[in-house]
Amino acid sequence: MAHHFANETPTRLLMWQRVREYAVPPSMIETATARRAVGDWAGACAAARIDVDLDLRAVRDRHGTDLVTHLRADLRRLAPDLLRWHMPRIVPDGRLRPGLTLSLVRYRSSGATPLQLVMRTPPAWADAGQRMSLALWEGSENSLPGHHPHPHPDRRFRLDLHRHLWDAGRSGELARRSGAGVAPSLPSPDRPHAPGRPVLPGRLARPTVHDSPWAVAGWAAEAELLLRAEGRPRGAFAVRLGTRSRAVLELVAPDDSHAPTFRPLREALPPQEIAALPVLPEAAARVLPDLELLRAGLVAAERLHPLVAAALAASGSAPVAGRPAPEPGDPHRVECRGEVHRITLRNGGLTAIDHHPAQLRREELLVALGGPALPCLRAIDAVHRNPEALPAVRERLGHGDVAGALAVVEGLLGPGAVLRDGPLREELESAAARRVDHGLFRSGLVAVHPGAGAAGGGNASSAGHAEAGHRPRLDRRTPPAVRRKRDSRARPRTGLPC
């Protein structure tokens, strides 16, 4: 019998479901909101794990008081927790897109390049803690951080045209800009199209977003804003559909109802001209993930960010309800010696409450001498090494929520628990070690991954020797896998004689 997978949940929606659950915890939202409400924008950024890399006094000395006034006003409107909520992410784990410089605001300046308030994410090898940095990009080489892989603002990921995604005062525009009140149209049954690709007006009479995350219905209005910001009343623009696929569209003159429309460009352009066209931002090209999750029933409205939930509720897309109270957890139940025993938290740790403490001490001593353990003790040991909540702990650590991960461990094992060797301890130790890499990146001591430097000898000259066929030198930064391969006598052949 054939199996049908048409109704299966797309993988990207499952990723966004995990992101909405773990990436921006409620404690971060509450702390950042409280600090922002009293005007402490720097404290709000700290609560959202955002490092501030700008000095207002230095900006005033270089660019004047007027610019600093506008900059300070934007910083006070900044909701860093809302910005983290809407930041671009990568599959499959849903972490922040690494090595990205994203524009938030553009300021007029006397120079040829406008000043921009930007948000940067670290490279993938230094993304422990999922921290971001807020800076002012001045367009000159002196203002570029030498250790960031992509210090220039990315044209594809820009939020200066989408202030509702980070400005608390304009978050109510989310429903209108995301098309929350417009139901997705169904595809024509007699004209199928490829999944994951938008159907453009030139190929189908009506655009559809039924089985893809493309917000085709709003491209015309967003393209009008984009071209106006670029100083063009109308013209051609590009939409990135994939790694090597771009749709080149043309914004035509408004019709009698003054509604902008677009159509595929009639004449093919050379690749150089296509690369120079304005690119529709990713926030405008795709459907808001929160809308997709709500329509698929994968998230409740009360689990969204409060500003997002309020904006969608105002449009009637998502009713806002209170957070459900957490239910008290039942103790673990284990079959031990023909009876069902209970394991619960007592005196700061897990214990089998149906056994006398003296009996437990005797059994633990017997286990230390090599004897068999009680089923209750085996269950406690398994929870310490590889608990059922390990995926939740791993997700929180991956998104930088160390406090949340430790709270889960403490609620599961108790505050007085001693971690034992196993997957849980390995995850916690790995998260602590990776934070060192992020500290080295932030300090500028290591600009690239240590493994990349080791593979090339650690400097440019040795990299040239490696390209010429010379074997790189082993040092303390060489990855263990490379060291074992180099030290092994039974190395595989790289070719066979003809």
Side-chain angles (χ1 to χ4, degrees), residues 19-20 22-61 63 65 67-88 95-96 100-105 107 115-122 126-137 145 148 159-160 162-172 174 304-311 323 396-397 399-407 431-432 435 438-439 441-444:
V19 168
R20 292 299 180 248
Y22 298 110
V24 188
S27 59
M28 174 189 293
I29 298 176
E30 295 172 1
T31 305
T33 302
R35 295 179 179 178
R36 176 174 53 83
V38 297
D40 184 11
W41 62 268
C45 289
R49 298 198 298 274
I50 295 178
D51 302 312
V52 179
D53 293 340
L54 57 89
D55 186 356
L56 294 181
R57 293 183 178 180
V59 174
R60 182 190 59 189
D61 295 339
H63 303 285
T65 307
L67 177 64
V68 173
T69 302
H70 290 89
L71 177 59
R72 184 179 286 110
D74 289 328
L75 292 175
R76 290 176 178 174
R77 298 189 190 100
L78 172 64
D81 52 311
L82 180 63
L83 174 60
R84 178 176 288 273
W85 184 274
H86 292 297
M87 281 293 291
R95 296 187 182 182
L96 296 174
L100 178 66
T101 298
L102 183 145
S103 176
L104 300 180
V105 191
Y107 301 100
L115 302 178
Q116 299 185 42
L117 181 66
V118 298
M119 185 67 65
R120 292 191 173 101
T121 59
D127 67 346
Q130 291 289 274
R131 300 189 66 86
M132 302 184 293
S133 59
L134 184 68
L136 186 67
W137 186 69
H148 197 275
L159 297 184
D160 57 306
H162 300 80
R163 291 185 64 113
H164 58 282
L165 300 182
W166 60 267
D167 190 335
R170 298 180 59 177
S171 61
L174 177 67
L304 298 177
H305 191 284
L307 294 177
V308 175
R323 290 183 179 271
R396 286 178 168 84
L397 291 176
H399 289 290
D401 186 16
V402 179
L406 295 179
R435 293 177 68 90
H438 178 77
F441 167 76
R442 284 287 301 168
S443 62

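One-based numbering along the sequence shown.
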May I ask you to decide if the ring planes of H148 and F441 are parallel, tilted or perpendicular, using 30° and 60° as cut-offs?
->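 Rings of H148 and F441: tilted, 30 to 60°.
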Main-chain N/O of G129 paired to R435 side chain as donor or acceptor, under 3.5 Å = no
Say whether, by atom type as modelled, one donor and one acceptor occur between the side chain of T33 and the main chain of E30 under 3.5 angstrom.
->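 Not a single qualifying donor-acceptor pair exists.
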Mind checking the [atom1]-[atom2] spacing from [X] to [Y]? Nearest 0.5 Å is all I need.
X: Q130; Y: I50; atom1: CD; atom2: CD1; answer: 12.0 Å
X: R170; Y: H164; atom1: CZ; atom2: NE2; answer: 9.0 Å
X: L104; Y: D167; atom1: CG; atom2: CG; answer: 10.5 Å
X: L115; Y: L136; atom1: CG; atom2: CG; answer: 5.5 Å
X: L82; Y: L174; atom1: CG; atom2: CG; answer: 8.0 Å
X: S103; Y: H162; atom1: OG; atom2: NE2; answer: 12.0 Å

Would one find more than 12 heavy atoms of other residues, nucleotides or ligands at under 6.0 Å from atom NE2 of H63?
-> yes
In a check of side-chain contact (heavy atoms from CB on, under 4.5 Å) between M132 and each of L100, D127, L96, which one passes?
->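 Among the candidates, only L96 passes.
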Pair H305-H86, side chain to side chain contact (heavy atoms under 4.5 Å, CB included): steps then yes or no | CA-CA 10 Å; H305 191 284; H86 292 297; over 6 Å; no
For [X], side-chain contact (heavy atoms from CB on, under 4.5 Å) partners two or more places apart:
X: T65; value: R60, T69
X: S133; value: D51, D53, R120, R442
X: A47; value: T31, A32, R35
X: L54; value: W41, V52, L56, L75, L117, L134

For R20, check side-chain hydrogen bond (donor to acceptor under 3.5 Å, both in side chains) against everything at least two apart and list the hits.
->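 Here the qualifying residues are D290.
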Return the set of residues passing ring pair (Phe, Tyr, Trp, His ring centres under 6.0 Å) with W166 (not counting sequence neighbours), or none when no residue passes.
-> none
Any salt bridge between D81 and R84, counting N to O under 4.0 Å?
-> no
Nearest heavy-atom pair of R76 and R36: which atoms, and what distance?
->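 Taking every non-hydrogen atom into account, O-CG, 4.1 Å.
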Looking only at heavy atoms, the pair that brings P80 and A48 closest together is CB-CB, 3.6 Å
Within a strict 4.5 Å, meaning less than it, do heavy atoms of the [X] and [Y] side chains meet?
X: M28; Y: D401; value: no
X: H399; Y: V19; value: yes
X: V308; Y: W85; value: yes

Any chance you could lay out the side chain to side chain contact (heavy atoms under 4.5 Å, CB included) test for M87 and T121, step after step, and finish with the verdict?
-> CA-CA 10 Å; M87 281 293 291; T121 59; 3.8 Å; yes
